[in-house]
Structure formats: structure tokens, C-alpha cells
Participant: 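I am attaching a structure below and will ask some questions about it afterwards.
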Amino acid sequence: MTEMQVAEVGAAETAVPDRLEFDVIVVGGGPAGLAAGTVCARAGLDTIIIERGRKPGTKNVMGGVLYTRPTAEVFPEFWKEAPVERCVIEQNQWIMTEDSVIKMGYRSPHFAEGVPNCFTVLRVKIDQYFAEQAQAAGALVINETKVDEVLSAEGRVIGVRTGRPDGEVYAPVVILAEGVNPQLTQALGMQEDLKSNDAAVTVKEVLRLEPEIIQERFGLGEGEGATIEMYGAPTQSMLGTAFLYTNHNSLSLGLGVLLSEFAELPDTPHDLLQELKQHPAIAPLVEGAEPAEYMAHLIPEGGYNQMPALFGHGVMIVGDAAQFVNGMHREGSNHAILSGKAAAETAIDAHNKGDFSERTLGHYRQRLEEESTTIADMRKYRRATGFMERHPVLSVYPALAAYAFEEMLTVDDKTKREKQWAIIKEALRRRKPWEMAWDAVEGGLSFV
Amino acid sequence: MSDKPVVIMKPHANRGLDDKLYLVKYEVDEEHSHLEVIEPETCIGCERKPCISKCPAEVYRWLEDEQHLEIAYENCLECGTCRIVCPYDNFEWEYPRGGFGVAYKFG
């Protein structure tokens, strides 16, 4: 059961005629909120989207991969006109030590065929495109307006109070798409305080580089993109990943680290980013690229176990505020959009029925379970962060794997059998056999 | 317990963060800081002060003489790290007022 804080809203009882009323209020103009607002407005609901930034997107940061199919469920064929950067045809996973790297990757022309799989994007541009779609559908997008409080009466949400003078806005349904710092959701008692193992601090730089140079360095054609995710040394073996994505005429280089472990170190996030830039495998890729912007954001990592109550009387929680991020697969904006859509469809139903109770809005969760991969994927990885915290996987295996590669690829006076024994000995020096067995068994249970 | 002193922040000669923050566009709210410490006394007893090293924009600085946490809120990138990382839950943290704060060009 959700317990909602009942705010003082004396005026709400005596319906003032000129009070600002809508069918749906959406708090936040990111992918979740803009998807929700667009779907509501298309169904003819009187919809307001309230955004605290100067324009949608200006407060938002993402590594930069947007998956096409989920996004197209709300914005059909968007990639034909939206400001996407490059169509990703190659995805790489790098395991790194301080000066070496094991590279794996998959490149396929199929990623670009028909409905392309995913694109690199820059959030300020793409969110403004989504906002234009919401407006074209009839939603009112109000910028530079912060929601200070969700208004409740008699145990149900009835609207929001913004920072503007006489800034109360009322609606029978409020969709909270407030992002990773869910203070409004928390004030409603629907989410606990986030702990340091519920979020990764992420920093990123956009580095400007000529398109032709990007294509040459990454082996790409015009409009084609590549992604690299990096594990191990870039995060000093802490739980997290680094990434390098190709945009049209820039690179996005960044990293995210779970705060719980990172808090113990004297390094700043910016220190880690600077070290990554100097890594011998990264330096040649970013050489000569001009810094264009530096940014920071939190990524929700609490996952399934840390999801808020997703709905209450008159309210639904979507996107990052609901912890809808699959860190293992760098997926977030797709779940944000699908959750926004599911909440919007639930709001439309509620209007048709004239019933905004928790029972009706509970269909939101049902939709997420049945019509999208969001909850199923969150559930699948519900043990992943805990596993990674208990098992020093990233501090043991990347270095060990690098040792093995170095040994087997170096030709010297040792026989191959001697080399194998050297690798086994090194493995046992770094991790006891039963510890490796424990890593394998619990890892299997947590990821498979 | 080790008797090594706790290092609050890795010493480094400006690794270019200032230049990077210079590239970031801000609309500074001159009248109001959106970041406040609730109980300044608590910071004195806080050994590691993770707000300082974990802030991506180095908003926080410990003034040894004054025994006081200086807050350069105008550089804040609004990530929320300080709030979550504070072992004493000692921040009055909110987003800047509507229209103020960081305004990314790329994001």
C-alpha cells in the first residue's frame, strides 16, 4: 500500500473557477515524460508537461545509445527525421588493465537494415524533437518551471504546485517523470531514500572531431556508428563501465561508477575520466578531438529491488524515477519511453472510466509486465548488483585474462604446456579455487 | 585501523576541470543557493567527506582554518551525488529554481 502525504490544499476543495486544470499533468520533459505526454495528447487528453530546464533536454544526460524499436512505439519512424547521430553497426566490449585491452565486438550490417537497431544520440537535440512531437499532438510543454510539491487531498493526488506565482495546477492524474532524483516520489512516501549502492555517478565529455576522421579511426561508413563499453581499469575495477560512442561529428567518452565503492576513494569522477583519456587504447581514438561539453548525471542502479510503488491514487511513476534502467545492457531511455507509454495508456483508460483510483492505475504495472520487456528484464537482473558487490569480479578476472592473453601470445623459451601451468598458477594466486567456483555458481544464478 | 591520514581528495594540479566547466552553460540563480548543509558541525566530524571528492564539478571545498564546507553551487551539474554519498544525510538538496542552473548544449 502506498501511503501518501496529504498536503494542505484548502483551496482545492472549493473549486475556484479559473484554476488551472488539465486531464493529465506530466512532471519532467525527458524521454519518459515526453512519451507519456505525447500518447495522452494524441488520445485527446488535455495534457501539460512541466519541465524545469530552459528547454526539454537541457538538464538531461545519457551515454548516447537510443534503441529504435521501443522508441518507435511512441514516435513512429522517428529516425527518418529526428536528429540522430549515427546508426550503430558495431558494438564492442573491452576488458582493460591499466595499459592493455582484450577486445571483443560484433559488427553486422543487419543492425542498419529495415528498422535499424539503435542510434547514437545527444539528448538535448533528441529530447527537443520528442517535445516537438508532444506539442504537435496538442500537449502544452511549459519550460523553466520546477514542481515543488505534489498536491494531495483525501489520500489521492490532485495536482502539483510549481515554483511560479499562483503556480498550482490540477489534474486527476499526475505522471511523475522527474528523473533519477525522485524527490517528489519520495515526498509521497512511494520511494525510500536512495543509498549509495542505488546509483552510479557518471561523467561524460563530448569531444568534437571531423566526421571523416571518426569514420577512418573506427572503420565506419558515412552515417555508421560504433560503440565501445569498457570494464576493469577505467573504473579502477569498481562496479561500473566506461564508454566511447561515435556521434556525427563528435565522440561521447564517459564512465559511471557505483557510488558505494567509489566513495571510499580520494579520486574524483573527473580524475577517472582524465585517466581513461590517456589509456593507450583510447588516446589514439580521441587524439585531436576538442572538448565541447563536460557533464555529469546519476544512473539509477537499484533495479528491481529498489523500484518505488509504481502507482497510487491519481499518480504513476515512470522512467528513471522508477529505477527503470538495465545497467547490464546500458538500457534506460527505451524503458523510460515504454513506461511513459504504459502510464499514458493507463491514464487514457482511467479517463474513459472516470476512475483514477489505485486499482485502475494499477493496470500500469500490468501493462509493463505484459506488453513490454521492462519489468521482466529488471527482474532478471535483480541479483546482479548484489553479486557484483559481493564478488570482486572486476578486480580479479580482467587482469587475469590479460595475463593469460599476454602469456599465450608471447613466444619465448617456455613450452605451451609451461605457459598453461603459469596461467593456472597465476589464477590460483589471485583467487582460491573455491572462490572461483563460488563466483561461477552465484554469477550463473545472478545473470542467466 | 591504519594510522595513515585520510585523504579527502587526491592531490592534483588542476587536470583541466576548470577549463571544462568553462564550456558548460549556466544560468546562475544569484539570489538563492539550491545546496545547503543542514548541520555544519556534522561536517567537522566527517572523516572522509565524500561530497568533496565525488562531486564531478568540485563544488565542495573544505576550509581548514574556518572548519567549514564551502559550496560553489553555481558550478553544480545537478547530478545529486552529494546528497546520496553523504554518510550523515546532511544536505538540504534541491534542484535550482525553474530556468536556473545548468543548461546543456549536447547532453
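All figures in this text were calculated on a predicted structure; none of them were measured in a lab. Throughout, a chain's letter reflects where its sequence line sits, starting with A, and its residues are numbered from 1.
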Participant: Where does A:N60 contact chain B at under 4.5 Å (heavy atoms): side chain, backbone, both or neither?
Facilitator: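 Only the backbone of A:N60 comes within 4.5 Å of chain B.
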
Participant: With a 4.5 angstrom heavy-atom cut-off, which part of A:E205 approaches chain B: side chain, backbone, both or neither?
Facilitator: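 Side chain only.
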
Participant: Looking at B:V24, B:L23, B:I52, which makes the most heavy-atom pairs under 4.5 Å with chain A?
Facilitator: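 Most heavy-atom pairs within the cutoff with chain A belong to B:L23.
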
Participant: Side chain, backbone, both or neither: which part of A:A263 has a heavy atom under 4.5 Å from chain B?
Facilitator: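 Both backbone and side chain.
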
Participant: Could you tell me which portion of A:D148 (side chain, backbone, both or neither) has an atom closer than 4.5 angstrom to a non-hydrogen atom of chain B?
Facilitator: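 No part of A:D148 comes within 4.5 Å of chain B.
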
Participant: Check whether A:M295 gets within reach of chain B through its side chain, its backbone, both or neither, counting any heavy atom under 4.5 Å.
Facilitator: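 Its backbone and side chain both get close to chain B.
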
Participant: For the atom pair NZ (B:K105) and NZ (B:K25), what is the distance rounded to the nearest 0.5 Å?
Facilitator: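 The NZ atom of B:K105 sits 8.0 Å away from the NZ atom of B:K25.
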
Participant: Below 4.5 Å, heavy-atom pairs only: which of A:M62, A:R164, A:E51, A:E264 has the largest tally toward chain B?
Facilitator: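 That would be A:E264.
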
Participant: Please classify the contact of A:K55 with chain B as side chain, backbone, both or neither, using a heavy-atom distance under 4.5 Å.
Facilitator: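 Contact with chain B involves no heavy atom of A:K55 at all.
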
Participant: Taking only Lys NZ, Arg NE, NH1 and NH2, and the carboxylate oxygens of Asp or Glu, determine whether A:R208 and A:E290 approach each other closer than 4.0 Å.
Facilitator: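 No.
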
Participant: Would you mind checking which part of A:A200 comes under 4.5 Å of any heavy atom in chain B, side chain (CB onward), backbone (N, CA, C, O), both or neither?
Facilitator: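 No part of it gets close to chain B.
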
Participant: Please classify the contact of A:Q183 with chain B as side chain, backbone, both or neither, using a heavy-atom distance under 4.5 Å.
Facilitator: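 The answer is the side chain of A:Q183.
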
Participant: Decide, yes or no, whether a salt bridge links A:K125 with A:E85 under the criterion of side-chain N to carboxylate O below 4.0 Å.
Facilitator: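 Salt bridge between A:K125 and A:E85, a charged N being under 4.0 Å from a carboxylate O: yes.
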
Participant: Angle class for the B:Y73/B:H34 ring planes (parallel below 30°, perpendicular above 60°, tilted otherwise)?
Facilitator: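 Answer is perpendicular, since the angle exceeds 60°.
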
Participant: Any heavy-atom pair between the side chains of A:S250 and B:F106 that's under 4.5 Å?
Facilitator: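 Counting from C-beta outward, B:F106 and A:S250 never come under 4.5 Å.
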
Participant: Out of A:T145, A:L259, A:I50, A:N143, which one racks up the most heavy-atom pairs below 4.5 Å with chain B?
Facilitator: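 Of the candidates given, the most pairs with chain B belong to A:L259.
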
Participant: Is A:Q128 in contact with chain B via its backbone, its side chain, both, or neither, using a 4.5 Å heavy-atom distance?
Facilitator: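 The answer is neither part of A:Q128.
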
